[in-house]
Student: 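Pasting a structure here, questions to come.
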Amino acid sequence: MYNAPTMKGYALEKIRDEARGIVVAILGQEAAEHIRVELPPPGIGADLAIPLFPLAKVLRRNPNEMASEVAEKVDPSGSYFDQISAAKGFVNFHFDWKQCNKLFFDDFLAAGDAYGSAGIGSGKTVVIDYSAPNIAKPFSVGHLRSTVIGQALYNILIFLGYTVIGDNHIGDWGTQFGKILAAYDRWGDEKALEESPTRALLDLYVRFHEDAAADPSLEVAAREWFAKLEAGDDKATQLWSRFRELSLREFERIYDLLGVSFDHTLGESFYNERLKDIVQQALDSGVAQWSTVPDKDEEGRVAGKGRASGEGGADDDGSAGGKGGTSEEKANVDATGGRDSANTGSRAETDGRTEAGGRTEAGGRTNTGSCAEAEVGDDEKVILIPLAKYDISAPLILQKSDGTSLYATRELATLEHRVAEWKPHEVLYVVGAEQSLYFTQFFKAIELLGIKVKCVHVPFGMIRLPEGRMSTRKGRVIFLEDLLSEAIERAGEIVKDRDLSDEEKQEIARLVGVAAVKYADLSQDRTKDIVFDWKKMMALEGNSGPYLQYAYTRAASIMRKSGEDDIGDLEDLDPSALTEDEETALLREIARFPEVIKQAAGDYKPNYIANYLFSLSQVFNRFYVNCAVLKAETPVLKDSRLALVAMTAYVIRKGLSLLGIDCPEKM
RNA sequence: GCCCUCGUAGCUCAGUUAGGAUAGAGCACCGGUUUCCUAAACCGGGUGCCGCAAGUUCGAAUCUUGCCGGGGGCACCA
C-alpha cells in the first residue's frame, strides 16, 4: 500500500502563519485566539486577509483603527508580503510574489509525486463500505453515487496516509430470492438469462409481482422456494449461486468501466452463520430484550407512537397480536433489498415472515435460521434493543417473531467481523440519506453493546428524475450501463475527426464519457438530491469532467512538445519571473491543492476537490490563451512558464485521480 | 402526526463546516475570437426580496426560532 510522506506543512500554511504572527506581534498575544487568515474574494485585490472584528469585540477597540495600526507599524520588508494595508476592519496582505513564487515552486519540487498528500492518516485504518448493490438486479444510476463517492473517499484517504480497506457489502440474501426462484421455475428463459442476467432476473421479479396480484399461489411458491434455499436444497442453492455469479460478473464489467475496485466483496450471506451468537450475546448482556409488537394504524405506523415519554418506560410495551395489514400495498418491485433500496424505490416488502437467517457461503451449510429460541413459545415475540430513552423513536429489531434475522442483525455481524479482521479506527458507511434513522439506531446499538469503533454514516441524496423518484415498476429507471454507453458514444462523436488511431479514439471516448458521468455526480454536494438530467450527466463542456480533462491535455501537449520531462532540470527556471496576473493567479490556485484535499477528507466531501479543479482549470485556460509558453519572449520566461504548466498538469491529473477519474493524454 | 433534510439567476448547481468586503459558475440565449502551444477553449452581454418572517450581531445566503414549499424516514424491508 502506498505510503504518503509526512509533510511538515505547505507554503500557503507557512505564509498564513506569518500573516497571523504579524498581527499578533502588533496587537498582542490575545489576538492569537481571535483571528483567522482568510482568502479574500477576488475583487479585493489582496492575497490574504485577516478580519479584526472578533478581536475588536474582545479588546473593545475599533477594528478600523487596529487595522490601520497594523498597516502603519509593520515593515513588510523581509516578510512574504510586499504590502500590508488596512481596509474596513480587515488587514490585507499582498504577496511578495518573488518570494512566494519560490516557496510554491519549492514545495512542488520537494514533494514531487506526493504534492498535496499529507501524513495525517499514518498508522490509522479506515474501512469504507460502499457500492453494495443487490444481486439479481441491474445497476441503475441510483447505484452510482455510493460507488463513486466511496471510491473517491478511498483514494483521498490513501493519499493522506491512511490504510484504507474498501468492502463491497453485496446484498445477496433475502426474501426476494424466493420469488425469483419461483418465477424462474415457471417462466425462466435460459437464453435471456445468458444474454443479460440481471435484466432477465429483474423481468422475472416484475412479472412475479404482476401475476401474484391475481394468483396467490405464487406467493406460496416463493415461500416454499426460499424455505428450500435456506434448507440447502440442491436445486435452489445451485440456482441462487448461479444468479449470484452471473450478477457479480455483470457488476464486475461495470466496475471495470468505472475504474472502481474493492479490497473485499463480502456479501450479506457471508455472515449468516454468526447471527445466532450475535443475538444471544446481545440478550446476555441485557442490551437486547424480548418484546411484543405493537399495533399499527391504517398508515402502517405504530399506534400510540409519539405519545409523551415517561408513560411506562420504553415504548416496547404495545399490545401484542397486531400484524401489519398493509404489506401488499407496500410491496414494491424496486425494493429488492440492500443498501441501495432507497434509490430506486423505498418501501420494501413487509411480508417478511418467510425470511430466514441461516446461510453460509455459497453452496454451503445452513442452519435453521432461528437465532434464539423464544422461551415462552410466543411467536409474536421479537428481540430488540430499546432506544426510546436515547430519544430515538424506534427500537432496533434483531430477530423477527418467526425467529429469523434482519438487515441490522447481519450488519452487526459485519461490523464485528470488520473490527476483528482489520482493527479499524473508523468505519465509513457510504449509504443513502434515507437510511439516516437506521444508522442512528445502529450506532447507538453498537455503543450499548460495547463495540468501540468510530462509525460514520456518509449519507448522500437520491438521484431523481424530473417527474419524480425512479421506479422500475413504472418504467422510470435509468440503467447505469445505458447512461455510460450513451456518454461514451457522444464523446466519440467529437473525437471522430481527430488525427488519431481508431484505438486511441476508442480509449479517449471511453475515458471522457465515463469522466462526464462520474464528475456530474462527484461535483455536487453529496448530501443533496440530484435531479437527473441526461444532458448534464453527459456534458462535455462547461463545468464538466471533460473540461478538466481537456485542460490537462492542453498542459500535457505543451509538455510533450517542450521535450522536457523533469522540471527540476530546467536551467532557466526562475519563479520570480512570473508576474502576470494569469501566472500568479494560477500559482495561487496550485498552492491551495493540499488544503483542499484535507478539507475534502475532513467532511467526506469529494465535491470540494471537483469544484477546486474546475476553478483551477478555468484559471489555467485563461493563462493558456494569454501567455505563450513555448514561444515565450525569453528563455527564463519559457522555462518558468513550463514549470507552471507542469505543476498544473500534475494537480489536475492527481486531483482527478483522487476522484477516480482517469485522464487521456490527448483528446 | 412526529423526526431528518433541502429551498440561491429561466434551468442545473457552487458558496453554509468556521457569520466578513461588491453572492459566483455552468447550461440556455445574443455577439465576438482561430496566419500563434488542441476552439471539448477564450472574451463580452445578468434579468437574484439567497423561500417568507422575526431574532442574535458592528456585520447574516451562512447562526436561532416560527411559518410555507419539495424530498426522505418513522418496530418485525433492506
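Every chain is numbered from 1, with letters handed out A, B, ... down the list of sequences. Everything numeric here is computed off the predicted structure, so don't read it as measured data.
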Student: Do the side chain of A/Gln524 and the main chain of A/Asp521 share a donor and acceptor less than 3.5 angstrom apart?
Tutor: no
Student: To the side chain of A/Phe614, which of B/A40, B/G26, B/U38 is closest?
Tutor: B/G26
Student: Which nucleotide in the list B/A21, B/A40, B/U38 gets nearest to the side chain of A/Tyr624?
Tutor: B/U38
Student: Do A/Arg16 and A/Glu13 pass the salt bridge (charged side-chain N to carboxylate O under 4.0 Å, His left out) test, and can you show the C-alpha distance, the side-chain angles, and the key distance before you say yes or no?
Tutor: CA-CA 5 Å; A/Arg16 283 186 144 139; A/Glu13 255 172 82; over 6 Å; no
Student: Take atom C1' in B/G73 and the same atom in B/U56, then report the distance between them in whole Å.
Tutor: 32 Å
Student: Do A/Arg498 side-chain and B/A40 base share a donor-acceptor contact under 3.5 Å?
Tutor: yes
Student: Whole angstrom is fine here: how far is it from OH in A/Tyr612 over to C1' in B/A14?
Tutor: 16 Å
Student: Give me the distance, rounded to whole Å, that separates B/G48 from B/C58 when you measure between the P atoms they each carry.
Tutor: 31 Å
Student: Using the 3.5 Å cut-off, write out each protein N or O paired with an N or O of nucleotides 55-65 of chain B and the distance between them.
Tutor:
none

Student: Taking only side-chain N and O atoms of A/Tyr547, does any of them lie within less than 4.0 angstrom of OP1 or OP2 on B/C42?
Tutor: yes
Student: What interatomic distance, in whole Å, is found between C1' of B/G71 and the corresponding atom of B/A28?
Tutor: 26 Å
Student: Could you tell me which nucleotide pairs with B/G24 by Watson-Crick or G-U wobble geometry, both distances under 3.5 Å, or answer none if nothing does?
Tutor: B/C13
Student: For the side chain of A/Arg464, counting heavy atoms from C-beta on, which of B/A21, B/G71, B/G72 is nearest?
Tutor: B/G71
Student: Are A/Phe90 and B/A21 stacked, counting the six-membered base ring, centres under 5.5 Å, planes under 30°?
Tutor: yes
Student: Between A/Gln399 and A/Thr409, does any side-chain donor sit less than 3.5 Å from a side-chain acceptor?
Tutor: no
Student: Sticking with atom C1', work out how far B/C6 lies from B/A14, rounded to a whole angstrom.
Tutor: 15 Å
Student: Counting only non-hydrogen atoms, which of residues 536-544 of chain A are less than 4.0 Å from RNA chain B?
Tutor: A/Lys536, A/Leu540, A/Glu541, A/Gly542, A/Asn543
Student: What is the distance, rounded to the nearest whole Å, between atom NZ of A/Lys666 and atom P of B/A40?
Tutor: 16 Å
Student: Which atom pairs link the protein and nucleotides 4-10 of chain B when you take only N or O atoms and keep those under 3.5 Å?
Tutor:
from: B/G7; atom 1: OP1; to: A/Lys528; atom 2: NZ; distance (Å): 3.0

Student: Counting only heavy atoms not in A/Glu33 (residues, nucleotides, ligands), do more than 12 fall under 6.0 Å from its CD?
Tutor: no
Student: Does A/Arg622 make a side-chain N or O approach to OP1 or OP2 of B/C43 shorter than 4.0 Å?
Tutor: yes
Student: Would you mind pulling out the nucleotide paired to B/G1, Watson-Crick or G-U wobble, both distances under 3.5 Å?
Tutor: B/C74
Student: Taking the nucleotide of RNA chain B with the nearest heavy atom to each, does A/Glu665 or A/Val625 sit closer to the 5' end?
Tutor: A/Glu665
Student: B/G73 C1' sits how many Å from A/Gln441 CD, rounded?
Tutor: 10 Å
Student: For A/Glu582 and B/C43, give me the distance from atom CD to atom C1', rounded to whole Å.
Tutor: 12 Å
Student: It should be established whether A/Ser557 places a side-chain nitrogen or oxygen under 4.0 Å from OP1 or OP2 of nucleotide B/U38.
Tutor: yes
Student: Quickly work out the A/Gln524 CD to B/G15 P distance and round it to whole Å.
Tutor: 10 Å
Student: Answer yes if the side chains of A/Tyr130 and A/Asn168 hold a donor-acceptor pair under 3.5 Å, and no otherwise.
Tutor: no
Student: Measuring only the P atom in each nucleotide, how far is B/G46 from B/C52? A whole number of Å is fine.
Tutor: 24 Å
Student: So which nucleotide does B/C29 pair with, by the Watson-Crick or G-U wobble rule with both distances under 3.5 Å?
Tutor: B/G45
Student: Is it true that the NZ or CZ of A/Arg554 lies under 6.0 Å from the centre of A/Tyr624's six-membered ring and within 45 degrees of the ring axis?
Tutor: yes
Student: If the P atom of B/G10 is compared with that of B/C4, how far apart are they to the nearest Å?
Tutor: 32 Å
Student: Is the side chain of A/Arg622 donor-acceptor paired with the backbone N or O of A/Glu582 at a distance under 3.5 Å, no angle test?
Tutor: no
Student: For A/Glu589, does its backbone N or O pair with a side-chain atom of A/Tyr612 as donor and acceptor, under 3.5 Å?
Tutor: yes
Student: Using the P atom as the point on both nucleotides, what is the distance between B/G55 and B/A18, in whole Å?
Tutor: 25 Å
Student: Between A/Gln599 and B/A18, is there a contact of a side-chain N or O with OP1 or OP2 at under 4.0 Å?
Tutor: no
Student: When the C1' atoms of B/C27 and B/U22 are compared, how many Å lie between them, rounded to an integer?
Tutor: 25 Å
Student: What is the separation between atom NZ on A/Lys88 and atom P on B/G19, rounded to the nearest whole Å?
Tutor: 21 Å
Student: Between A/Asn607 and A/Ala46, just flag the one whose closest nucleotide in RNA chain B comes earlier from the 5' side.
Tutor: A/Asn607
Student: How are the rings of A/Phe439 and A/Phe443 set to each other: parallel, tilted or perpendicular (split at 30° and 60°)?
Tutor: tilted
Student: Does the structure show a Watson-Crick or G-U wobble partner for B/G7, both distances under 3.5 Å? Name it, or say none.
Tutor: B/C68
Student: Do A/Ser269 and A/Asp172 have a side chain donor and acceptor closer than 3.5 Å?
Tutor: yes
Student: Would you mind telling me which of B/G71, B/G15, B/G26 lies closest to the side-chain atoms of A/Gln618?
Tutor: B/G26
Student: Of the nucleotides B/C27, B/G15, B/U38, which one has an atom closest to the side chain of A/Asp525?
Tutor: B/G15
Student: Any side-chain N or O of A/Arg554 below 4.0 angstrom from OP1/OP2 of B/A39?
Tutor: yes
Student: Ignoring the backbone of A/Met462, work out which of B/G71, B/A40, B/G15 is nearest its side chain.
Tutor: B/G71
Student: How would you list all residue pairs meeting side-chain hydrogen bond (donor to acceptor under 3.5 Å, both in side chains) that involve residues 533-543 of chain A, not counting sequence neighbours?
Tutor: A/Tyr519-A/Asn543
Student: For A/Tyr608 and B/A25, give me the distance from atom OH to atom P, rounded to whole Å.
Tutor: 20 Å
Student: Can you figure out which of B/A40, B/C36, B/A21 approaches the side chain of A/Ile508 most closely?
Tutor: B/A40
Student: Quick one: does any side-chain atom of A/Arg526 pair with a main-chain N or O of A/Tyr604 as donor and acceptor, under 3.5 Å?
Tutor: yes
Student: From B/C27, B/U38, B/A21, pick the nucleotide closest to the side chain of A/Tyr550?
Tutor: B/U38
Student: Measuring from atom CG of A/Leu656 to atom CG of A/Leu613, what distance do you get when rounded to the nearest 0.5 angstrom?
Tutor: 5.5 Å
Student: Would you give me the side-chain donor-acceptor pairs under 3.5 Å for residues 46-53 of chain A, sequence neighbours excluded?
Tutor:
from: A/Asp47; atom 1: OD1; to: A/Arg588; atom 2: NH1; distance (Å): 2.0
from: A/Asp47; atom 1: OD2; to: A/Phe95; atom 2: N; distance (Å): 2.7

Student: The criterion is salt bridge (Lys or Arg N to Asp or Glu O under 4.0 Å); which residues satisfy it with A/Asp525, sequence neighbours excluded?
Tutor: A/Lys605
Student: Nearest whole angstrom, please: distance from the P of B/C36 to the CD of A/Glu633.
Tutor: 17 Å
Student: Is A/Asn621 side chain donor-acceptor paired with the B/A39 base, going by distance under 3.5 Å alone?
Tutor: no
